[in-house]
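Below you'll find the structure, written out as structure tokens, and then a few comments.
The shown structure was predicted, so the numbers you read here are calculated from the model rather than taken from an experiment. As a basis for the values below, the full set of heavy atoms in this structure was taken, side chains included, without hydrogen atoms, waters or symmetry mates.
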Amino acid sequence: MRKDLFNLGPVFGYFFRKPDPNRPANFNLRTMHFINKLSLAMFLVGFLVLMYRWFIR
């Protein structure tokens, strides 16, 4: 149970996967994925800052 709690494989897989040639890509889809990746990265940075402040201070 605890091992699955900190499994970050799917998170990093979302950032570093290759594009699927069978899926159509247009501007709207690429923009949506970029915004999703950006918001996820900002959330992870904010979460790390909160954890740093919580454990250090």
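Checked against side-chain contact (heavy atoms from CB on, under 4.5 Å), Phe43 has no partners two or more places apart in sequence or in another chain. Applying the side-chain contact (heavy atoms from CB on, under 4.5 Å) test to Asn28 and every residue at least two apart in sequence or in another chain returns Asn26. Remark: Met42 pairs with Leu38 by the side-chain contact (heavy atoms from CB on, under 4.5 Å) rule, at least two apart or across chains. Under the rule for a side-chain contact (heavy atoms from CB on, under 4.5 Å), Ser39 has no partner lying at least two apart in sequence or in another chain.
In this structure, the separation between CD1 on Ile35 and CG on Leu40 is 13.5 Å, given to the nearest 0.5 Å.
Hydrophobic clustering, defined by side-chain heavy atoms of Ile, Leu, Val, Met, Phe, Trp and Tyr closer than 4.5 Å, leaves Leu50 isolated from every other such residue. Leu48 belongs to no multi-residue hydrophobic cluster, having no ILVMFWY side-chain contact under 4.5 Å with any other such residue.
Connection of Phe55 to Val49 is not established within any shared hydrophobic cluster, with ILVMFWY side chains joined at heavy-atom distances below 4.5 Å, either directly or through further cluster members.
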